[in-house]
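The block underneath contains the structure these notes are about, expressed in structure tokens.
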Amino acid sequence: MDRGFRDRIQLIGGTLAAISIVLCASSIICLVLLRLYTKFSYRLALYQVSSSLLFGAAVFGAFYSFPNSGSPPSTYCMVFAFVAQYTVWVQIVFTACLTSHLFCLSVFYKNLAKCEPTYVLFSLLVPLVLAIVPFITKNYGPSDGWCWIQSLNYNGTMIPEPNVKGKVEQMVLLYGPAFAILLACSGGVIVMGIILACRAFKNGAALAVTNSGQQHHQQLLKQLLPLIIYPIIFFLYFLTPFANRLYIISKDNVPPNSLTYAAVFFITSWSMGPGVGLLVHMAIIFYITRRRRGCGRKVKNYVSIDEEGIATRGTSQRTVSVTSATHYVIPDET
């Protein structure tokens, strides 16, 4: 591999991965300090951002543990390749669980909040199967400028040989099923949006409901709707690396091109979206809350969230102090 190409993609990938780590860590710290993790919707966001943080760290290590030309892959290279493969699948599987949860809640009025432990365990265990296979086949190593499933075999020489088995694993263990899952999630989001819009048009008001049970689901849905952006973000970020991988697999010894650099950008930015989204979301909530917590002002028409993450509208006649550290009014997230 050209040394200049490797240095450039290491600089691009390493820098973006480091930024992603900082953003995701900052959003997690803010969420914990504000004690928002007690709310179901924010715990789902916390799981997503935590997996993004680990993926960013794995990608950073995968770029900088890339061995010199002709050298066998180091232990660090293989470990980072495994962690990158595992964490990207944690993100994808949890995105599928999140989309399914939102779809059942919005379309069928089924609240599956009790399935939270199942979502977490399923998202942690299933990716292990997909990440451990290249370890068994010994295909983790240097691959197109970073450490992942090898598309070329160096065999200790400067002249690489095509690794057909590695290319098959790249498509079967990541790109093929990931594309199908993310496409299905994005389609589910679109269908969900159409159904909600039709209901709003039919009832003359957004999410209009007629009984207390539906009102309960409406309030919970409003807390979860901001999470709907994650499936779409992941699918859009996935398209360019997917196109680049198809191009690489179709040919041998592909020289670096603009598509390669774009794929590096989107791969390393994959973990940035959830962190940025959560930070912006919390900043908006904090700003609105601060405006409603002015010293000597009465809080009116607030939306409070109980321990189950259910929002309740009402009015308050008590005066709230700016210095109060125990009273937070969480605005309507929609």
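- In this structure, Leu279 is not a member of the same hydrophobic cluster as Val22, with clusters built from ILVMFWY side-chain heavy atoms closer than 4.5 Å.
- When ring centroids are compared, Tyr237 and Phe266 come within the 6.0 Å threshold.
- A donor-acceptor pair under 3.5 Å is absent between the side-chain atoms of Thr15 and the main chain of Ile12, judged by distance alone.
- The backbone N or O of Ala17 lies less than 3.5 Å from no partner atom in the side chain of Thr268, so there is not a single donor-acceptor pair.
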**Asked** For Trp89 and Val129, what are the C-alpha separation, side-chain angles and deciding distance, and is it a side chain to side chain contact (heavy atoms under 4.5 Å, CB included)?
**Response** CA-CA 10 Å; Trp89 266 114; Val129 178; over 6 Å; no
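- Other members of the hydrophobic cluster containing Ile194, listed by chain and number, are Ile190; membership follows side-chain contacts under 4.5 Å among ILVMFWY residues, whether direct or relayed.
- If you look at Tyr175 and Phe238, their ring centroids are closer than 6.0 Å.
- Put simply, CD1 on Ile149 and CG on Leu174 are 7.0 Å apart, with the number rounded to the nearest 0.5 Å.
- For the pair Ser51 (side chain) and Gln48 (backbone), a donor-acceptor distance under 3.5 Å is present.
- With rounding to the nearest 0.5 Å, the separation of CG in Leu239 from CG in Asn244 is 12.5 Å.
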ask   = Passes side chain to side chain contact (heavy atoms under 4.5 Å, CB included), Phe103 versus Lys110? Steps please.
value = CA-CA 9 Å; Phe103 192 86; Lys110 298 294 184 181; over 6 Å; no
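- Note that SG of Cys115 is 12.0 Å distant from CZ of Phe122, once rounded to the nearest 0.5 Å.
- Here the CH2-OH distance, from Trp146 to Tyr64, works out to 14.0 Å after rounding to the nearest 0.5 Å.
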message: Could you go through Val88 and Ile267, starting from their C-alpha distance and side-chain angles, then the distance that decides it, and tell me whether this counts as side chain to side chain contact (heavy atoms under 4.5 Å, CB included)?
response: CA-CA 10 Å; Val88 72; Ile267 288 174; over 6 Å; no
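- Within a 6.0 Å radius of OH in Tyr76, no more than 12 heavy atoms belonging to other residues, nucleotides or ligands are found.
- Annotation for Ser27 and Val49: closest pair OG-CG1, 3.3 Å, computed over non-hydrogen atoms.
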Working for side chain to side chain contact (heavy atoms under 4.5 Å, CB included), residues Tyr42 and Leu34:
CA-CA 11 Å; Tyr42 286 100; Leu34 294 175; over 6 Å; no
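- Residues Val172 and Val168 meet the side-chain proximity criterion, which asks for heavy atoms closer than 4.5 Å.
- Pairing each heavy atom of Leu53 with each of Ala25, the nearest pair is CD1-N, 4.2 Å.
- For the pair Met272 and Ile19, the tightest heavy-atom approach, listed with the atom from each and the gap, is CE-CG2, 4.0 Å.
- Nearest approach of Phe63 to Ile9, heavy atoms of both residues: CE2-O, 3.8 Å.
- Note that CG of Leu124 is 15.0 Å distant from OH of Tyr119, once rounded to the nearest 0.5 Å.
- Annotation: the span from Glu169 atom CD to Ser151 atom OG amounts to 12.0 Å, rounded to 0.5 Å.
- Here the closest non-hydrogen pair linking Ser271 and Gly56 is OG-CA, 3.7 Å.
- In this structure a side-chain-to-backbone donor-acceptor pair under 3.5 Å is missing from Glu116 to Phe40.
- The backbone N or O of Ala131 sits nowhere less than 3.5 Å from a side-chain atom of Gln85 that would complete a donor-acceptor pair.
- Remark: side-chain polar atoms of Asn163 are paired, donor with acceptor, to backbone N or O of Gln150 under 3.5 angstrom.
- Side-chain heavy-atom separations under 4.5 angstrom define the hydrophobic clusters, and Leu54 shares its cluster with no other residue.
- By the side chain to side chain contact (heavy atoms under 4.5 Å, CB included) test, Ile232 pairs with Val189, Leu236, sequence neighbours left out.
- In plain terms, the two heavy atoms of Ser65 and Cys147 that are nearest each other are OG-SG, 3.5 Å.
- Side chains of Tyr86 and Phe55 form no contact here, defined as non-hydrogen atoms less than 4.5 Å apart.
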